Amino acid sequence: MKKKIKNVVFTLLFLTGGISVVFLAYLHFFASDDKDLAGEWTADLDMTEQAAIAAFSWLQDIEGVSVSLEEMEDCMQGLTVQVNLTFEPTSRREGTFHCMVEQESYDACTQAAYGAFAAAFWELLAERLSMAGYTGSMDEEALEALVTETFGMPTDAYLMSYGPELLPPLEELQAHYDGSGTYKTTEDILTRQFDGGGAAVTREEYYIRKDSSLLLSEGTEDDGSGLSLAQDLVLYTLQQPANAQ
């Protein structure tokens with residue numbers, strides 16, 4: 001079973017990577033030549049796939065019932081965590097930046113993920129009870145009461161405490177995205193110098209700006225044709241220009 005799960009995960013990651021490369025290639029050839037990054041940008045990090053895989057893997061341990069990864073993904077839709085990125089230019093190609101994971105967005109995404117997980121758990125619990133010959137009510141309210149009586153807490157609280165981590169820890173996202181410092185652009189490369197208590201961290205990203213969209217790719221490699229292929233793409237949307245009143 002674990003090998004099957006790994007194969008499914010690998011396939012999903014491969015397909016996602018393929019779509020990302022196609023999207024980057026499209027923007028590379030057809031995006032406008034707008035290099036101005038000034039303003040407030042927002043990205044919605046999609047957590048649906050990760051949450052679905054974590055929940056799916058954990059639910060495999062419930063004997064006598066079955067659930068597919070596709071069913072878990074159908075339950076968990078629109079799970080995103082917001083990242084805010086602001087650029088303030090000091091010259092045409094240089095300036096300062098500030099980036100932050102929105103904690104309220106993370107908390108809301110966590111609640112939504114475990115709420116969806118609880119609904120899937122109820123469905124499987126009802127299936128297992130039916131197989132065992134249980135004849136009582138199995139609507140959501142009755143199942144929630146049964147879970148609370150059995151475990152001493154509501155379903156979502158139980159899954160948060162004893163189930164899998166559906167989202168990466170907030171601290172992990174903050175360590176990757178949060179920070180302030182200076183930036184400069186050269187051709188299609190954005191270089192950000194993060195301020196810190198210890199040694200400064202420098203991050204180079206391939207970037208493409210088209211209208212109100214900004215695509216950043218962390219870690220790029222050349223396929224031999226001169227086109228950089230992204231390993232990790234993040235799409236930001238412009239919220240407010242830096243010079244807006």
Side-chain angles (χ1 to χ4, degrees), residues 13 16 19-20 23-24 27 36-55 72-73 75-89 95-119 156-157 159-161 163-183 185 190-197 200-219 230-245:
L13 292 177
T16 301
I19 293 172
S20 298
F23 184 46
L24 180 60
L27 289 179
D36 182 16
L37 302 183
E40 299 176 5
W41 302 82
T42 297
D44 291 320
L45 305 179
D46 190 355
M47 298 292 163
T48 301
E49 220 171 71
Q50 176 166 334
I53 291 172
M72 287 308 308
E73 288 182 327
C75 291
M76 298 184 175
Q77 294 295 321
L79 299 179
T80 60
V81 175
Q82 182 174 310
V83 177
N84 299 321
L85 175 59
T86 301
F87 291 103
E88 296 184 359
T96 61
F97 75 89
H98 177 72
C99 191
M100 179 184 67
V101 175
E102 181 61 53
Q103 184 167 349
E104 290 184 4
S105 172
Y106 179 88
D107 293 340
C109 184
T110 300
Q111 290 294 331
Y114 280 98
F117 192 15
D156 55 355
L159 293 173
M160 285 183 182
S161 300
E165 288 190 359
L166 299 184
L167 272 61
L170 175 60
E171 295 75 16
E172 181 180 313
L173 292 176
Q174 290 174 328
H176 184 76
Y177 289 99
D178 283 14
S180 301
T182 59
Y183 77 90
T185 59
L190 167 66
T191 302
R192 288 195 279 166
Q193 186 85 24
F194 287 77
D195 296 333
V201 175
T202 300
R203 182 178 300 168
E204 287 191 350
E205 299 155 303
Y206 188 100
Y207 82 97
I208 297 175
R209 162 82 188 273
K210 180 175 177 59
D211 301 325
S212 60
S213 296
L214 173 64
L215 187 69
L216 297 184
S217 64
E218 300 176 4
Q231 296 175 348
D232 186 19
L233 298 179
V234 181
L235 182 63
Y236 290 84
T237 301
L238 183 63
Q239 302 299 311
Q240 179 182 358
N243 59 355
Q245 298 297 323

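Because the structure is a prediction, the values reported are computed rather than measured. The first residue of the sequence shown is numbered 1, and numbering continues consecutively from there.
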Close side-chain approach of M100 to E102, heavy-atom, < 4.5 Å:
yes
When every non-hydrogen atom of A51 is compared with those of L167, the smallest separation belongs to CB-CD1, 4.5 Å
Testing the basics here: between L216 and E205, what is the closest heavy-atom pair and its distance to 0.1 Å?
CD1-OE2, 4.0 Å
The side-chain contact (heavy atoms from CB on, under 4.5 Å) partners of T185 (sequence neighbours excluded) come to L37, R93, Y183, L190, Y207
Polar contact flag, side-chain donor to acceptor under 3.5 angstrom, Q193-T202
yes
Any idea which heavy atoms bring V234 and L45 closest together, and the distance?
CG1-CD2, 4.1 Å
Side-chain contact, heavy-atom cut-off 4.5 Å: H176 with P168?
no
Mind checking side chain to side chain donor-acceptor pair (under 3.5 Å) for D107 and listing every partner two or more places apart, or none if nothing turns up?
none
Provide the closest heavy-atom pair for A38 versus P89 in the form atom of the first, atom of the second, distance.
CB-CD, 3.5 Å
Please determine which of L215, T42, V83, D44 meets the side-chain contact (heavy atoms from CB on, under 4.5 Å) test together with Y236.
V83
Does Y106 have any ring pair (Phe, Tyr, Trp, His ring centres under 6.0 Å) partners at least two apart in sequence or in another chain, and if so, which?
none
What closest approach, in Å, do E165 and A54 show between heavy atoms, and which atom pair accounts for it?
O-CB, 3.7 Å
Residue pair F194 / Y177: nearest heavy atoms and the distance that separates them:
CE2-O, 4.3 Å
